[in-house]
Each structure stands twice: as C-alpha cells, then as structure tokens.
Number of protein chains: 4
Amino acid sequence: MSQEQGSKAAEGGPRESERRRTILRAAVDVFASKGYHGCRIADVAREAGVAYGLVYHYFKNKDELLETVFETGWSGFFARVRAVAQGEGTLEQKVHGITTVAFEAYRVDPRAVKVLIVEIARSPGGRVNRQTAFMDAIQLCEEMLSRAQAAGELRPEVDPKLAAALLFGNIEMGFTALVFGMVDPRDPEKMERARRQIAGSFLYGVLARDADPEAPWSKDQEKSAARSKVARRS
Amino acid sequence: MSQEQGSKAAEGGPRESERRRTILRAAVDVFASKGYHGCRIADVAREAGVAYGLVYHYFKNKDELLETVFETGWSGFFARVRAVAQGEGTLEQKVHGITTVAFEAYRVDPRAVKVLIVEIARSPGGRVNRQTAFMDAIQLCEEMLSRAQAAGELRPEVDPKLAAALLFGNIEMGFTALVFGMVDPRDPEKMERARRQIAGSFLYGVLARDADPEAPWSKDQEKSAARSKVARRS
Amino acid sequence: MSQEQGSKAAEGGPRESERRRTILRAAVDVFASKGYHGCRIADVAREAGVAYGLVYHYFKNKDELLETVFETGWSGFFARVRAVAQGEGTLEQKVHGITTVAFEAYRVDPRAVKVLIVEIARSPGGRVNRQTAFMDAIQLCEEMLSRAQAAGELRPEVDPKLAAALLFGNIEMGFTALVFGMVDPRDPEKMERARRQIAGSFLYGVLARDADPEAPWSKDQEKSAARSKVARRS
Amino acid sequence: MSQEQGSKAAEGGPRESERRRTILRAAVDVFASKGYHGCRIADVAREAGVAYGLVYHYFKNKDELLETVFETGWSGFFARVRAVAQGEGTLEQKVHGITTVAFEAYRVDPRAVKVLIVEIARSPGGRVNRQTAFMDAIQLCEEMLSRAQAAGELRPEVDPKLAAALLFGNIEMGFTALVFGMVDPRDPEKMERARRQIAGSFLYGVLARDADPEAPWSKDQEKSAARSKVARRS
DNA sequence: CATGAATGAGAGTTCATTCAT
DNA sequence: CATGAATGAACTCTCATTCAT
C-alpha cells in the first residue's frame, strides 16, 4: 500500500500524488468532525484547498474515498498489530504491545482513529472490506489467544473468540473515552495509565492464574511498569 | 410493550397512540437494518403500514423520530441499570446485575439495542441528549464504583470513571459481537457464558482481591450464577 | 351584516351559523396578518377556536374561504359605493361620498380592507369573481363619470374609464399609506384630512372648469407643457 | 441585455453569468404570469431552459431569487427616479419626468413592472428590503415635495408625505390599469395620454395656485374645476 | 491535471383535503 | 355538527456526479 512508486507523473514525482494525499488528509479531518454522511464532497475539497471536481480525479466516488481513508488508516494499524500478535513474547507482553500500538495510533493521528472507530467499524450495511477488516483483526487475536491457551497462558474455559472481541472492546472504549473527552489525550501519563488499566483489566480476566499472586498494577510502580512492557513470568 | 390490545384506551388509560407506537416500532426496525442515514421516512411508513404523512403527524421530523426511538429505548434500560447500581448488594452482584440487564434487553429486543449502540451512541454531532444520556450511565456507574472503592471492594488505584467506561465498553463490545454475529443470540447458554465472561473479566480487573479468592467463572458455577441478580430463576 | 341577533341553536336559527361567522372572522384576521398563501387552514381554525375539520363543513376548500371573505367584505362596500354613485348629488359630492365610504370601511374593519386590497384585488390568476368585482366598481364609477361628463361636470377630454381607475388608485394608495403606517388610523382628524386630499386631488384633475380661464399651474400653458421632460411631442 | 454575444466575457468584462441572467429573466416572466406562490422552481428552470439544480447554483433559494428580481428591477427604476427628483427643474417638470420614467419602464419591460407592483410591493410579510425600498422612493419624493413647498410651488396645506404616497398611488394605479388591460400598452398615444392624466391629476391637486385663492372643492365649483390639467391646449 | 458550471434523481417536509367516529 | 387522525401529492432544497473547457 505504501509502495505506490510508479509515478504516473512523467518527470519523476514520488510515489503518490501530493494532491491525492492532501485530499485524503482533508477527508480524514472532515469525516472526523462532521461524519461521513454529514459532509459533502465540497467540504473535503474546501478543506483540501482544491476544486471539488478534482476529488473525482483521484477517487471514483465518495464511497471509495471513505474506503481509501479506511484502508490507509487500517492497514498500518493492522500490520502493527499483526507484528505484535505473531511475534515473540508472552501473551501479557503481546496484549500490552497491542494496546500500545492502538494508543500510539491515537496519539499520532486521533482524527484518523476517530474515523476508523466511529464511521467505519460500525457503519451499518458496510462494505465487505470494512467488516472483513475488523473481523480480520479479531481473528488475528483469536489465533494469538488460542495459541496462548494451548500454551497454558490462557485459562482453558475462556472463549478465545469472545476474548479477542473483548480486547478490542476495551481498546475501543478507551478511545471512546478519549473521543468523549473523559481523558485528556495530551497528558502522556494519564494516557499510559488508562492504557495499562485496559490491558491489565483484560489480562486479569483471562490469564491463567497459577503463578501470579501479585496485583496487576500494584502500588509498586516499578514492578508493574516492568511487567507491562517486557513481560516476565516468574 | 407486549400488551397490544385492540381498543385505543381500553385498560391502561390514555397511554400513547397505537399508531404512534407502530411507527416507532417500525422506525426501530428500519433504523436497525438500514441505519439512520440509509433509510427514508417512506421506509418507516411502509414498514409501519401507514401513510407517509402520518409519520409527521406524530413526529416533527426525522431527527425527532430518532430521538424518540432513543429516549424510549434508553430510558427503560437506564432505569433498570440505576435500580441495580443504587440498590443493595455487593459490587460483584451489581456488576453481574448490570450485565444481565443489558443482555436481557438484547434478548427482548435486539433491534432496539442495535440502534442504541450503532446509530445513536456513536453518531457524530449527536444531539445533546444522546451524549448526555450515555455519560449519565457512566456517571451512575462511576458513583457506584466510588462507593465500592470507599467500602474497600474496589482496589484503591483503580480510577472509577475509567473503570465505569470500561464496564460499558465491555458490555458494548459484547453487543457488538452479537450484532456482528459472533455469538448466536438464540443460544441461551452461550449468551450466559458470554455475559459471565464480560462481567468476570471486568471484575477481575478491578475487585480488591482479599475477600474473594475465587474465580467468577470457577467450576463452582452455582455461586456465581446465583449472584446474577435479575435474570435468575432458581 | 350588523344584525346578527339569532341564536345558533336549531330552534330559531336565523340565516347564518354562528360558527361559520367565527371562522370567517378568523380567516379575515389570519389572511390579513399572514397572507393567503402564508397561512394554513389550521391557522384559521386555531384562530377561530375550532377543529380544523370544521372549516370544511362550512367551506368547500381554502379557495372558497377566500372567496367568501371577499364576497362578504366586498358586497357591503360595493353596495354603499353604488348607493352613492347612483344616488343624487353633484359629482363632487359623490366623489367625497365614495372616499368617505372607503375610509369608513377602513375605520370599521381595517383587517378586512387589508385583505381586500392586498390579497384579493391584485392576486394573479385570480378567479373571475374577484377581477370582475373590481372591474364592476370601476365600471360603476365610469358610468357615474360619464353621466357627469354628459352633464358638463367633467371636462370632455377626460377618459372616464381611466379616471375611474385613478379614483380607486387614489383611494387604494390612501389605504396603503394606512397599512404601511404612514397615517395613524386612530387620529380622526388626520384621517379626514387624508381623505379630503385624496378626493380633492382627484377632483381637481377632472372637474370641468367653466369659470377658470387660467392655467392650472402656470399661466403659460405652452411653457409648462414644454417642460414635460421625456415624452413630449411638440 | 440585448447583446448576447457568444463568448462568456468577451467585450464587457466579467459581468454577470449569462446563465444567471437567463434564469433571472425567466423568473421575471414566470412570476409575472403565475405569481410567486403559484410557480415552482421547476417552472423557472424550464422557462430558462436549464436544469433544475442550476437555479440553486446561482440563487440560494426561491426567496432570494425573488429578492434578486426585485433588486434588479427596482434599482434601475429608483436610480432614474432619483435622478429626476434631485435634478434640476420645476416641480411640474419633475412630476412629469417621474411618470415618464415609470411609463417608460413599463414599455420596456412590462413583466418586470408587473412583478414589482403585484408580487413585491404588496407581498405580506415581505422582507425588509422590499418595504424599505418602496418607502425609500416615497421618502425621495417627499423630500422633493418639501423643497418645492418651501419654494412656494406646493400649496402649504398639502402634506408632502401623503402627497408623495399619492403620486405613487397614481402611478401604480396607472400600471394596474395597464396590467388589467384597461389601456392598450401598444398604443403610444393612449399611453401618453394616460401618463399625462396621471401626472396632471396629481399636479392639479397639489400645486400652488397663485391665481386661485380658493379651496379645491369649494362651493364655487366652476373655478376650481377650471384647473383641469390634462389636456388643454390653449 | 485542474476547474467549477451543469445535471437531475432523491429525500425531507408541508398542508389541503378526506373520512371514520 | 364536530373532531382530528389519516392520506399523499406537490414542492423545495441537497448534493453526488459528470463534463466541457
């Protein structure tokens, strides 16, 4: 997706038209603030500072524009989640890794995340792509959880599919809390605490509890901090 | 809601117009299947089997119709949640009660819940009411959690507001899983297991663990099941 | 029009239903304040304090309602104008009489006059009745003027038809001045002065001047004629 | 207006869109024949030979279209009237000038005048502009008459404001007579005679009568009658 | 590439009119 | 007589999409 280098412009333009990206960027912003249905192509064009006929040079129609916004935003997120889910580490590490990916995405581009969450993930009658994509992520985590379960990290009575859904439910609710202004996104410490609570809450609910007498996010910050990122299992 | 007797004002007083309820019901169904933006007033009218203009006899405009769908659905849900949150019982019982209320609502009228979740709770630029209502519920739970925290039921380092949000995040994601077809709503046992996982997952994450060494979904099912306040039928 | 003694009840009901008159009255008021097109039947009904289905008991449709408002208001006015125009007296007396009738009508029921002037006399594509009625009045005055012309009261070169139209033009503009608030209708003296100026202005323009050899506004007729800037043809 | 050359901005600068003018022209015609309320935007579009939506490309809504029709027609008329009223000449010359401006406007574009008179000047609940504009013209003439009165041209007992209103009342009634078909607009001579009767009628009513100390409609009819203005040719 | 005028189907809303009670 | 729920045609306005320049 990012390698569209074959420039159509003759001289030597880089991968993707500058204009196209401008429009995409504008679309993210406008969708985020007014919603997909609440905005007009003209709004996107104005935000991008181009004539609105130009939008149709780069995108077949409004829906494809939304689709592209989705792809662009989602593919990066998905790739990072997959890297974590299929990489090395304990389940705990992976869960913290996934939440970190999510929160980082929000920090970098909250608007894009908002569009993903609000406009796309739940749009009724959504195109196949979107539902599929969302399911893909859950599927990915389900597999991760199944492997963990097989390895004894996850309690056997937990349903991996539902647990995967809940993981994203937690993440999404965290975002919602951000979007609704319940947490100040500019306070890194609060953000990190929220993230840890989300990951921790999930983990407590599903982790096998054979060997961990300790509190998830005990007063002993060092300890808990140490746990989050790196993982350790005594 | 279930007593549709023939006469207009036979037994229960003046009530609400039969037709008005028919339209409201149709609106719920149409919104649920095609989304607010994707449906036309004509669809609602056809679904209700009434003339186009009659919708406007009972509702000022499309938006007020949505608003009313919201109020109608939400107020009942909210009242039940409040009864549980402000009633008697341990935090654990209450959390199980709240999730039970939510799942019961879904069982009774999945379409209405879908509209609440998909169309309203997240609609961008939503009317004050909707956002407020959602916040109200979280506020309610926050207070419940604060009291529990003061009583030592909740670990002190947990942020009640965020925890309240996460509780609803869990519930909502459970619904989403249902809506997306990940759990078959007609299988009561699966439903109950999902509910218990959601409640349990949340509780594990926040409960003080001095007094309850036991797992919520331990083998000893009777106990935890018994706690489920609302929908238990011993 | 003024003898509405009868009771509404069946036993001794006179000519017209009480309710019907109430509705008619309301129609006059509503038409006067919001215009024919700007109001709904519901407005008339509300103003009259009746259910709006009732309007259709007494009037076939909205247009007939307007028509009736017109007839009711116009017939009285027309009858009085005719009495003056076809009665005894000099042309001067008659003209003063006609203006007096008009101003009196305004004093008694300004709203009705406003409807007559604003809504009916000039409505485009008006029904035959309305135009006819207006023309009838002009016709009436034309005949009056023709007789006066034959009697030497009117200068021979004056066109009676145009003069008749101008008479009503003067009257109407006087009303317009009232409607627009340029003259306070509650000041009888000002009203009378306005009326006299209107009648006088008209009379000056058309009366025969047997004994006035002098030019109206300059001794030198040629000169003044020559002054007519644009359209003069020496 | 008459130079419809092919190119968009060939000779006269940027101007106004050709299409916009076409639509405006069509609006005048349609309003004139069916009235503002009686016509649909579709009628205007069809008359103009353009697509429905284009009307909304150039005008915000139906009301703005009417407003623009008004401005366009009125501003030209008003400017000409002002040029006369504030220019050089005797009161008599000016009054003749003003009536000439009005009749000329009718000759050039009777439809536009009809819309001005029938649809706008009297529309109930009209926008500020319209009423204001009408008042402006009367105000203009009132000032003209006041100056004339100070100069002794106007009889002192005449109220300039009312007289100004009556002048326009006369003019307007002349138009009405034309609109109603009482005078054939294609007969220049009849038109001119009507115009002169209107101007003369007004002048007789208000001009100072240096040689006539008597009341306008005194008992001494002969004298006052003598002043008839319209058509005498010594 | 870029522009924005032009198109027209579609949707929300109004309201005159009917009719069962 | 009286009521107001019910009907649906008509109309305004929007906006995605096309296309000539």
Side-chain angles (χ1 to χ4, degrees), chain A residues 8-10 13 17-20 23 37-46 49-65, chain B residues 8 17-20 23 37-45 48-65, chain C residues 8-10 13 17-20 23 37-46 48-65, chain D residues 7-8 17-20 23 37-45 48-65:
Chain A
K8 54 184 76 170
S17 162
E18 186 83 25
R19 282 315 235 299
R20 184 185 156 97
I23 291 169
H37 285 103
C39 82
R40 295 156 296 187
I41 289 289
D43 293 327
V44 175
R46 192 179 325 109
V50 302
Y52 68 90
L54 195 57
V55 175
Y56 285 89
H57 265 279
Y58 293 107
F59 305 94
K60 198 160 109 293
N61 53 35
K62 193 182 176 184
D63 212 65
E64 194 191 272
L65 182 56
Chain B
K8 188 172 301 185
S17 162
E18 187 84 21
R19 283 312 237 295
R20 185 185 155 98
I23 292 169
H37 285 103
C39 86
R40 296 153 295 180
I41 291 292
D43 294 329
V44 175
V50 302
Y52 197 102
L54 195 59
V55 176
Y56 285 91
H57 191 77
Y58 290 108
F59 304 94
K60 202 155 94 344
N61 53 35
K62 193 181 174 184
D63 213 64
E64 193 192 274
L65 181 56
Chain C
K8 75 180 83 163
S17 160
E18 185 85 24
R19 284 309 237 299
R20 184 186 156 96
I23 292 169
H37 284 103
C39 80
R40 295 156 295 185
I41 290 288
D43 293 327
V44 174
R46 192 181 322 112
V50 302
Y52 66 94
L54 195 58
V55 176
Y56 285 88
H57 264 281
Y58 293 108
F59 305 94
K60 200 161 108 289
N61 54 34
K62 193 182 176 185
D63 212 65
E64 194 193 272
L65 181 56
Chain D
S7 86
K8 188 171 303 184
S17 163
E18 188 83 23
R19 282 311 236 296
R20 185 184 155 98
I23 291 168
H37 285 103
C39 86
R40 296 153 295 180
I41 292 291
D43 294 327
V44 175
V50 302
Y52 195 101
L54 197 59
V55 176
Y56 286 90
H57 191 78
Y58 289 109
F59 304 94
K60 202 156 103 320
N61 52 36
K62 194 181 174 184
D63 213 64
E64 193 191 274
L65 181 56

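Bear in mind the structure is a predicted one, so any value in this text is a computation, not a measurement. A, B, ... follow the sequence lines: proteins, then strands. Residue 1 opens every chain.
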- Query: Distance check: side-chain N/O of B:His57 vs OP1/OP2 of F:dA5, anything under 4.0 Å?
  - Reply: yes

- Query: What heavy-atom pair brings B:Arg19 and B:Tyr58 nearest, and what distance separates the two atoms?
  - Reply: CB-OH, 3.7 Å

- Task: Just call it for D:Leu54: base, sugar-phosphate, or nothing, with non-hydrogen atoms closer than 4.0 Å on any strand.
- Result: base

- Report which part of the nucleic acid C:Tyr58 touches: base, sugar-phosphate, or nothing (heavy-atom distance under 4.0 Å, all strands). sugar-phosphate

- Item | Side-chain donor/acceptor of D:Tyr56 to base of E:dA5, under 3.5 Å | no

- Task: Please tell me if the side chains of A:His57 and A:Leu54 come closer than 4.5 Å, counting only heavy atoms from C-beta onward.
- Result: yes

- Message: Tell me whether the side-chain N or O atoms of C:Tyr52 pair up with the base of F:dA6 as donor and acceptor below 3.5 Å, since no angle test is needed here.
- Response: yes

- Note on the structure: Here DNA chain F, pairs taken as Watson-Crick or G-U under 3.5 Å and shown with ( ), [ ] when crossing and | when to another strand, reads .||||||||||||||||||||

- Taking for D:Arg19 and for C:Ile41 the nucleotide of DNA chain E with the nearest heavy atom, the one nearer the 5' end belongs to D:Arg19

- Task: Dump the intermediate steps for side chain to side chain contact (heavy atoms under 4.5 Å, CB included) on B:Tyr52 and B:Ile41, then the final yes or no.
- Result: CA-CA 7 Å; B:Tyr52 197 102; B:Ile41 291 292; 3.9 Å; yes

- Query: When the distance from CG of C:Asn61 to P of E:dT18 is rounded to whole Å, what number comes out?
  - Reply: 8 Å

- Item | Residue met sooner reading DNA chain E from 5', once C:Gly53 and B:Ala42 are mapped to nucleotides | B:Ala42

